[in-house]
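Structure record follows, encoded as structure tokens.
Note on naming: letters A, B, ... go to the chains in the order of the sequence lines (proteins, then strands), and numbering restarts at 1 for each one. Only this structure's heavy atoms are used, side chains among them; waters, hydrogens and symmetry mates stay out.
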Number of protein chains: 2
Amino acid sequence: MTTRARRPQRRNQVLSREQIVDTAVEMLDAGGEGALTVRALTERLSTGSGAIYYHVGTRDDLLDTATETVIGAALAARPAGEAATPGDEIRVAALALFDAIAAHRWLATRLTLQIVRNPVGPVTVGIFERIGGQLGALGVPRASWFDAASTLVHYILGAVSQNARIEGDTSGIDPEGDREELFDAASAAWRGLDPEAYPFVHAVAGQMREHDDREQFLTGIAVILEGLTRLR
Amino acid sequence: MTTRARRPQRRNQVLSREQIVDTAVEMLDAGGEGALTVRALTERLSTGSGAIYYHVGTRDDLLDTATETVIGAALAARPAGEAATPGDEIRVAALALFDAIAAHRWLATRLTLQIVRNPVGPVTVGIFERIGGQLGALGVPRASWFDAASTLVHYILGAVSQNARIEGDTSGIDPEGDREELFDAASAAWRGLDPEAYPFVHAVAGQMREHDDREQFLTGIAVILEGLTRLR
DNA sequence: CACCATTTTGGAGCGCCGCACCAAAGAGTG
DNA sequence: CACTCTTTGGTGCGGCGCTCCAAAATGGTG
């Protein structure tokens with residue numbers, strides 16, 4: 001018998017799991033998912049691959065952990081005022097996710113991946129709880145809670161994924177500049193399409209250039225909340 | 001001067017672009033995105049990598065082409081009856097996308113990827129045109145067309161992505177069997193969560209097991225359409 | 001203090017991968 | 001028949017994730 005059965009866990013760790021994850025997030029932010037290679041990580045931390053695998057497991061595990069970390073931080077956001085309506089709560093949570101993915105564009109892919117294959121993990125549960133918890137106060141009947149929450153989550157993740165930008169090809173970071181540029185180009189291309197074959201796309205080419213992502217995102221939330229209140 | 005300026009394109013092609021894409025789709029369906037390697041493709045077609053790159057370019061190009069092919073086919077679906085309401089049109093298009101991704105699960109990731117980085121491509125334009133073209137008849141004011149279409153597209157792609165299953169780990173194909181099983185497990189896990197910390201998730205654990213994906217998807221569409229009609 | 005079980009580290013090596021590149025075969029043309 | 005351009009199969013390079021292991025660091029114990 002050892003004197004005290006369980007304790008020997010923590011030794012002095014020069015390299016910590018947290019440190020690795022933080023560095024990984026930095027690298028992901030800087031260069032997209034393709035930039036996070038185990039080799040690059042070991043070089044950055046001046047260590048070997050063994051240490052990485054010892055602390056966080058495979059590259060996939062590392063990406064999951066990074067996702068959990070970032071999403072967990074984002075979901076901690078609460079409305080500013082004291083008397084917040086359920087709508088406010090949902091808007092704040094949704095915007096927190098929106099902004100998190102805008103700041104960490106690699107999240108888009110990873111988030112849907114994780115929600116799909118790990119419904120029990122803190123990410124899925126956290127998002128559902130945060131969004132769904134407001135439905136009762138919103139007047140949605142209990143029997144529709146899961147459908148309603150799913151609708152919101154699907155919309156939020158869909159919108160947020162599609163507003164995320166391309167990963168891996170932008171070596172320089174020019175977040176606003178080429179975003180405008182890209183919209184201009186897309187708008188011009190849409191306008192240039194055959195109005196007979198593509199009347200709608202042709203017609204909204206102008207709106208697409210002038211729209212604001214965040215505002216549009218909130219409009220969508222408002223539409224869904226409106227629809228949900230008619231569900232009763 | 002040649003006798004006729006443009007014509008000499010088609011030589012005898014033992015290997016056609018179409019053939020490659022079709023085979024690629026088969027392989028993707030069978031084993032997920034990870035299963036489509038250039039090496040495996042060359043082996044399956046008993047050719048070399050040079051021929052592949054000559055016909056379709058890089059692996060990424062091939063995935064884009066495969067996506068365009070499948071989505072193009074899906075978008076060709078029209079409502080059965082003759083007198084279709086705008087709502088019917090949207091539902092049919094949405095369900096076509098839903099079913100396409102259910103049949104080709106690798107599409108989920110690829111679709112959002114393509115929409116994000118190629119707003120001019122046939123996939124993005126096709127989806128927007130198909131969905132957005134109904135908004136006028138639905139009574140949505142012209143100034144809100146782009147926002148409304150975006151809301152629908154965001155929701156559809158979000159829902160559809162999250163209903164797609166995991167890629168690459170299932171060697172055997174057991175589409176219904178382990179789906180049930182997975183829901184059961186997830187439901188049990190949700191029910192097992194602390195009701196104080198996660199009241200909502202705990203409460204809807206039962207609904208999550210019994211829900212039907214397609215039905216829930218249509219409920220979401222109905223909610224959004226309802227909300228859109230209040231937008232005027 | 002010295003000893004040693006255990007944790008933690010760094011790195012070499014394996015089996016993959018995508019893809020650039022190229023020499024040669026094939027098909028139409030004069 | 002020769003000649004040109006298309007099409008093909010294959011080889012090799014650089015890089016990847018990951019396994020495995022010898023060695024170093026660590027901290028409790030006699």
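Exactly one of B/Leu45, B/Val25, B/Thr65 qualifies for a side chain to side chain contact (heavy atoms under 4.5 Å, CB included) with B/Ile20. That residue is B/Leu45.
Between B/Asp60 atom CG and C/dA20 atom C1' the separation is 17 Å, expressed in whole Å. Rounded to a whole Å, the CD1 atom of A/Ile52 is 12 Å from the P atom of C/dG11. Here D/dG17 presents its P atom at 13 Å from CD of A/Glu43, a figure rounded to the nearest Å. Whole-Å rounding puts the B/Arg59 CZ to C/dA20 P distance at 14 Å. At whole-Å resolution of the value, CZ in B/Arg17 and P in D/dT8 are 14 Å apart. Atom-to-atom, CD1 of A/Ile20 to C1' of C/dT9 comes out at 11 Å; the value is rounded to the nearest Å. Rounded to whole Å, atom P of D/dT19 lies 10 Å from atom CG of A/Asp61.
For B/Tyr54, no side-chain nitrogen or oxygen approaches OP1 or OP2 of D/dT8 to under 4.0 Å. Taking side-chain N and O atoms only, A/Thr58 has no distance below 4.0 Å to OP1 or OP2 of D/dG17. Here A/His55 does not reach the OP1 or OP2 of C/dT7: none of its side-chain N or O atoms lies under 4.0 Å away.
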Without placing hydrogens or testing angles, list every side-chain donor-acceptor pair under 3.5 Å for residues 195-205 of chain B, not counting sequence neighbours.
unit_1   : atom_1 : unit_2   : atom_2 : d
B/His202 : ND1    : B/Arg191 : O      : 2.8
B/His202 : ND1    : B/Leu193 : O      : 3.2

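Of the charged side-chain nitrogens involved, none lies within less than 4.0 Å of a carboxylate oxygen, so that A/Arg110 and A/Glu68 do not count as a salt-bridged pair. Salt bridge absent: A/Glu180 and A/Arg209 never bring a charged side-chain N and a carboxylate O closer than 4.0 Å.
Residue contacts for B/Leu62: at a heavy-atom cut-off of 4.0 Å it reaches no nucleic acid atom on any strand shown. Note on B/Leu41: nothing from the nucleic acid sits closer than 4.0 angstrom, heavy atoms only.
Not counting sequence neighbours, the partners of A/Gln216 by the side chain to side chain contact (heavy atoms under 4.5 Å, CB included) test are A/His211, B/Phe146, B/Asp147, B/Ser150, B/His154.
Residue order along DNA chain D, read from the 5' end via each residue's closest nucleotide, puts B/Ser46 first among B/Ser46 and A/Tyr53.
For A/Arg39 against D/dG15, no side-chain N or O and base N or O form a donor-acceptor pair under 3.5 Å.
Here C/dA20 is the nucleotide among D/dT8, C/dA20, D/dG17 with the atom lying nearest to any side-chain atom of B/Ser49.
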